[in-house]
2 protein chains.
Amino acid sequence: MPTARERVRAELTAEIAGAARRQLAEVGAAALSLRAVAREVGMASSAVYRYFPSRDDLLTRLIIDGYDALGEVAEAADDPAAPLEQRWSAVCTAVRAWARAHPHEYALLYGSPVPGYAAPRDTVRAASRVGVVLGGILGEAARAGLLHGDGGREPGLLGDAAVEVLGQDAPGIDDAVRVRALLAWSSLFGTISFELFGHLVGSVEDADAYFARVVAELGALVGLDAT
Amino acid sequence: MPTARERVRAELTAEIAGAARRQLAEVGAAALSLRAVAREVGMASSAVYRYFPSRDDLLTRLIIDGYDALGEVAEAADDPAAPLEQRWSAVCTAVRAWARAHPHEYALLYGSPVPGYAAPRDTVRAASRVGVVLGGILGEAARAGLLHGDGGREPGLLGDAAVEVLGQDAPGIDDAVRVRALLAWSSLFGTISFELFGHLVGSVEDADAYFARVVAELGALVGLDAT
DNA sequence: CGTTTGACGAGAGCGGTGCTCTCGTTCCGG
DNA sequence: CCGGAACGAGAGCACCGCTCTCGTCAAACG
C-alpha cells in the first residue's frame, strides 16, 4: 500500500522519464540534456536530482523502458497458433519495425553503450525479453523435432542463459544448435543495426525485401525451414 | 610540391588527430573533449579550430582513420595463397582482434552514429575496405565454382556496391548469393558488436571458441565449406 | 628590399552542460 | 501538535563547444 507521497513521487518520476523519452526520440542519447528535461516538466534542474541521482541513471531508466517496450512488441507479434517459420518471421519483422520507428531509442539499446556498462540486474532482465521470445520459438521447433545438431557438447563454451532459453529438455538440442540460435539472434540485430546506422547504403536498395530475405535465410540457418 | 607552411600544417593536424585518437581510446567518443586534446598538444583550444572546424569534424577524421586502420588489418590478414575457408577465418579473426584491442574506436565506427550521419565520400571509401577484402574472398570462391544460388534475379533489391564487391562476371553469383554475402558481413559485425557491447554476457562463456564456431557457420552459410 | 597580406596562436567571453550546496517550504507521522 | 524528512528553487562551480578579437610573424608581392 503506497502512501500518497510515494504515489506522487512515482508519478513525477514517470513524468520525468516520459519527458526524457521524448527528448531522446528527438535529439538522441548523446544530446539528451537533463536541464532540457527539467525545463520540459517545469522544474529546476536541481530538483530532477531528487528523482534520478545522475544523468546516467536517467539513461539507464530509458534503457530499461526501451527494452521493455521492444520486448512487449516482440511478444505481441508472436502468435503461438501460427506455423513456426511464420512466427519467426513475424517477430523479426516486428522488432525491425520498432527499431525503425524509434531509431534513437534503438541506438541507445544496441549501439555503443554510453555509461560504463549499465546497471546489471534490472537491465538484463528487461533486455532478455526479445531473446526469450525468439528462443521460445526455436525451443518449440526443437520439441517438434525440427532442429538437429551434431550431438557435440563443449563444456565451458556457453553460459546458462543460452541453455535455458531454448529449454534444457528439448530433444535434438546441442551446442551446435545453440550456437546457431545465438548467431541468428546476433545476426538479426546486426542486420537491423547495419540498416539503421547506414552501413547498407549503396549495397541494399529495397530494405524491406532484403530484410525479408535475411529473415528467411536466418530461419533456414537454425533449421526452421524443414517444415 | 607542398610548401613549408603546408608541411608544418599537415604535421600539426596529424599531431592533433593523434592526441584525439589517444583520448578516444581512453575515454570514448562521447567523453572526447576538444579542449582536453588542445591541452595535450599544448595549444589554446581556439587554435585547434584552425585545423578542425568543429568537434564533429575531428571525430569524422578519427572515423576515417579508424576505418583505414581496420581495413589495413584485414588486408594484412588475408593471404591470397591460403585456402579460401582459411582466408575467410583469418580475416574475420583479425577484425575481431582489432575490435577487442580498440573497443572505443570500434564503437565509434560500428556503434551509434554520433554526428548527423558523417560526411559521405571519404568515409564510405575507407569504410568499404574490410568489405572489399571479404567480398574478394567470396568472389574468388565464386570463380572457383563453389557458390551456388537459385539463379534468381530481383531488380531493385541490391545496390551497385553489393554487386561489384563480388565481381560481376563471376559464375554462379546471383542475388541469393549476394544476400548471403551481405548477411555474413552484417553477422560478423553483429557478433563482434554483441560481444563488445555486453549482449552476450551470460550466454557465452568462451568467447574465442564461440567466435570460431560463428565464423565457421558463416563460412558454411555463404558456401565456403564445399571445398 | 620594404611592405602588405594572410595564417596563426592566445585569450576573453558567451551560452550551455552536469552536478553540488544551501536555504526556505510543505507535508507526513509519531 | 510539532519535529523531521522530503521537496523545489536558486546560486554557484568546473567544464564544454564555439566565436571573436587582437598581437605576431612569416611568406608573397611590388
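FYI, side chains are in, hydrogens and waters are out, and symmetry mates aren't considered; it's all heavy atoms of this structure. Keep in mind the model is a prediction, meaning the values are calculated, not measured. Residue numbering restarts at 1 for every chain, and letters A, B, ... go by the order of the sequence lines.
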If the condition is salt bridge (charged side-chain N to carboxylate O under 4.0 Å, His left out), which residues does R9(B) pass it with, not counting sequence neighbours?
none
Any base atoms under 4.0 Å from F52(A), or only sugar-phosphate, or nothing? Heavy atoms, all strands.
nothing
Listed by chain and number, what are the side chain to side chain donor-acceptor pair (under 3.5 Å) partners of D57(A), not counting sequence neighbours?
S54(A)
Show me the side-chain donor-acceptor pairs of residues 183-190 of chain B shorter than 3.5 Å, one per line, residues at least two apart or across chains.
| residue | atom | partner | partner atom | Å |
| --- | --- | --- | --- | --- |
| S186(B) | OG | L182(B) | O | 2.9 |
| S187(B) | OG | S187(A) | OG | 2.7 |
| S187(B) | OG | L183(B) | O | 2.6 |

Would you be so kind as to tabulate the donor-acceptor pairs closer than 3.5 Å made by side chains of residues 26-45 of chain B, with sequence neighbours excluded?
| residue | atom | partner | partner atom | Å |
| --- | --- | --- | --- | --- |
| S33(B) | OG | R35(B) | N | 3.2 |
| S33(B) | OG | A36(B) | N | 3.0 |
| E40(B) | OE2 | R22(B) | NH1 | 2.2 |

Could you work out, with ring pair (Phe, Tyr, Trp, His ring centres under 6.0 Å) as the rule, every residue matching H104(A), not counting sequence neighbours?
none
Using the test side chain to side chain donor-acceptor pair (under 3.5 Å), find all partners of S193(A) that sit at least two apart in sequence or belong to another chain.
Y106(A)
Residues in salt bridge (charged side-chain N to carboxylate O under 4.0 Å, His left out) contact with E75(A), at least two apart in sequence or another chain
R129(A)
When the distance from CD of E6(B) to C1' of dA28(D) is rounded to whole Å, what number comes out?
14 Å
By a strict heavy-atom criterion of less than 4.0 Å, which residues belonging to residues 31-40 of chain A are in contact with DNA chain C?
L32(A), S33(A), L34(A), R35(A), R39(A)
Nearest-Å distance, CG (L58(A)) to P (dG18(C))?
10 Å
Might you work through the side-chain contact (heavy atoms from CB on, under 4.5 Å) test for Y110(A) and L70(A), ending with a clear yes or no?
CA-CA 12 Å; Y110(A) 293 99; L70(A) 178 57; 3.8 Å; yes
Using the salt bridge (charged side-chain N to carboxylate O under 4.0 Å, His left out) criterion, which residues pair with E205(B)? Sequence neighbours excluded.
none
Shortest non-hydrogen contact from C92(A) toward V215(A):
CB-CG2, 3.7 Å
Salt bridge (charged side-chain N to carboxylate O under 4.0 Å, His left out) filter on E154(B), not counting sequence neighbours, yields R213(A)
Can you tell me if the side-chain N/O atoms of Y51(B) get under 4.0 Å from OP1 or OP2 in dG9(C)?
yes
Does anything in residues 8-19 of chain B reach DNA chain C, meaning a heavy atom under 4.0 Å, and if so which residues?
R9(B), L12(B)
Check: protein-nucleotides 24-30 of chain C nitrogen or oxygen pairs below 3.5 Å:
none

Using only modelled atom types and a 3.5 angstrom limit, is any donor from either the side chain of S46(A) or the base of dG10(D) paired with an acceptor on the other?
yes
